[in-house]
There are 2 protein chains.
Amino acid sequence: MKKVSSPIVSRLPQYYHCVEELYQSNCVKVSSATLSDMLGFTASQIRQDFATFGGFGLQGYGYHVKTLRYEIREILGLNNRKTAILVGCGNLGQALLKNFDFEACGFFLLSAFDSDPEKIGSQVGPVHIMDVERLDQYMAAEKPAMAVLTVPRSVAPDMAEKLADLGVSAIWNFVGCDLHLEDRDVVVEQVSFADSLLTLSYRLSEKENDAE
Amino acid sequence: MKKVSSPIVSRLPQYYHCVEELYQSNCVKVSSATLSDMLGFTASQIRQDFATFGGFGLQGYGYHVKTLRYEIREILGLNNRKTAILVGCGNLGQALLKNFDFEACGFFLLSAFDSDPEKIGSQVGPVHIMDVERLDQYMAAEKPAMAVLTVPRSVAPDMAEKLADLGVSAIWNFVGCDLHLEDRDVVVEQVSFADSLLTLSYRLSEKENDAE
């Protein structure tokens, strides 16, 4: 598989949602023109992006939806389910446990951890909350690939380093600060609420300036 | 102000964090080369991006941090504080109320709304939760510019339409589904947990393929 540029990577989830929608509506084939209408990218951009991954279209036919779906799922790593744990069961952690569909994104959530005795042992969403003191032992036995990090900011860098030491391959970082794991062999994907709201603020100012 | 391409817009929050850090450490001037080291973009890219906004650098001197910060804050709309409300005080809404710094992103949070009698009247973070039945009246009086949408998915499109009818200029959408407000004059910025986790899944697969 070739190295893919980050703009293409950022379009992958949108391709996936779109093709999943076509697949769920029993659509058999789709042209790059139709994909362009659905996604707002140019047809040529879409053909170019797909070509980067080996191009699964046929000239004059378009794309076979089932194949396209399989290939995009393969690229995204969704055909092999990976295991995950969640660390930090405050409001945000609990929101994810209760409402977020990990399986649709290729992950099976094994367990969740917290240090609060009132939370330990209780069931939230599909899992029971375990004592974070048991994390070392649990990681050694279950070897989850990914950890969702929803601990308070003050303990986040230490917990991230501990998780790296215990062998996670990836951290989904909700903490809103840098985890300083650049030198570790760990994929870190950050959900930055602040960057999103700054973007909204920009777009709102732009709109107000246009209106003036 | 010129129209700015979306790749530049996506880099704006990173520019802001970086310049804010320089400003907080009392740094007076900075070159595009230093900004490049801090951000990982090329110096030429940075000069080009800043030129789009009117270019506030001086040949051979670099950028005056205080001016740069002011200009980036101006572009992001942070020099004029806007008002916001939050609708839906479940776990995710409460996590934002308790922990998220709205003011750092240019917003002042006025109030929060929910339909649960047990929540109405209680204080969460800096605000009291109000009865969502009072939303119409409140919006007419306070005219908040933005609404944070953290309601359950089942009621999200209706609530989004109601908020548009009541005059919000922007919605920060945490619901994880499309709000279908394309025909309305409302800026919608979506925080998509799924897209973030799909990207993580991609990067994790890529890493595993590289290791093979």
Side-chain angles (χ1 to χ4, degrees), chain A residues 1 3-4 7 9-10 12-14 16-17 74-78 80 82 90-102 104-107 145-146 150 152-153 169-172 176 185 187-210, chain B residues 1 3-4 7 9-10 12-14 16-17 74-78 80 82 90-102 104-107 145-146 150 152-153 169-172 176 185 187-210:
Chain A
M1 212 161 85
K3 269 277 177 234
V4 176
V9 174
S10 72
L12 274 173
Q14 294 174 72
Y16 176 59
H17 296 312
E74 188 66 24
I75 291 162
L76 284 170
L78 302 185
N80 300 308
K82 298 162 290 284
N91 281 301
L92 182 58
Q94 292 201 28
L96 290 167
L97 292 174
K98 286 178 190 164
N99 303 316
F100 187 72
D101 188 351
F102 284 88
C105 298
F107 288 89
M146 192 269 278
T150 43
R153 194 177 293 207
S169 300
I171 292 178
W172 196 19
D185 189 26
V187 170
V188 178
E189 181 70 26
Q190 189 172 336
V191 178
S192 173
F193 295 168
D195 287 5
S196 172
L197 188 52
L198 287 171
T199 305
L200 184 150
S201 176
Y202 167 79
R203 292 174 59 204
L204 188 52
S205 296
E206 191 188 39
K207 183 186 161 192
E208 280 162 4
N209 287 331
D210 284 351
Chain B
M1 214 162 85
K3 270 274 178 236
V4 176
V9 174
S10 72
L12 273 173
Q14 295 174 71
Y16 176 59
H17 297 311
E74 188 66 23
I75 292 162
L76 284 169
L78 302 185
N80 300 308
K82 298 162 290 285
N91 281 301
L92 182 58
Q94 293 202 27
L96 290 168
L97 292 175
K98 286 178 190 164
N99 302 316
F100 187 72
D101 188 351
F102 283 88
C105 298
F107 288 89
M146 192 269 278
T150 44
R153 194 177 293 206
S169 300
I171 292 178
W172 196 20
D185 189 26
V187 170
V188 178
E189 181 70 27
Q190 188 173 334
V191 178
S192 173
F193 295 168
D195 287 6
S196 172
L197 188 52
L198 288 170
T199 305
L200 185 150
S201 176
Y202 167 79
R203 292 175 59 204
L204 188 52
S205 296
E206 191 189 39
K207 182 185 160 192
E208 279 161 5
N209 287 331
D210 284 351

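Please read all numbers here as calculations on a predicted model, not as lab measurements.
Interface remark: of the candidates A:Gly77, A:Ser10, A:Pro152, A:Ser196, A:Ser196 forms the most heavy-atom pairs closer than 4.5 Å to chain B. Between chain A and the options B:Leu197, B:Thr150, B:Asp185, the largest number of non-hydrogen pairs under 4.5 Å is found for B:Leu197. Taking A:Ala145, A:Cys105, A:Gly90, A:Ala104 one by one and counting their heavy-atom pairs under 4.5 Å with chain B, the maximum is reached by A:Cys105.
Although no hydrogens or angles enter the test, the distance criterion places a donor-acceptor pair under 3.5 Å between the side chain of B:Lys207 and the main chain of A:Ser169.
With a 4.5 Å cut-off on non-hydrogen atoms, B:Ile171 touches chain A through its backbone but not through its side chain. Interface residue A:Phe100: only side-chain heavy atoms are found under 4.5 Å from chain B. Interface residue A:Leu12: only side-chain heavy atoms are found under 4.5 Å from chain B.
Residue B:Leu200 comes nearest to A:Glu189 through the heavy atom pair CD1-CB, 3.6 Å, listed as atom of the first residue, atom of the second, then distance. The nearest pair of heavy atoms linking A:Ser201 to B:Leu78 is OG-CD2, 3.8 Å. Residues B:Val191 and A:Val191 come closest through the heavy atom pair CG1-CG1, 4.2 Å. Across all their heavy atoms, A:Val188 and B:Arg203 have their closest contact at O-NH1, 2.9 Å.
Classification of the B:Phe193-A:Phe193 ring pair by plane angle, with boundaries at 30° and 60°, yields parallel.
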Inset, instruction - Output, in order, the C-alpha distance, side-chain angles, deciding distance and verdict of side-chain contact (heavy atoms from CB on, under 4.5 Å) for A:Leu92 and B:Asn91. - result: CA-CA 6 Å; A:Leu92 182 58; B:Asn91 281 301; over 6 Å; no
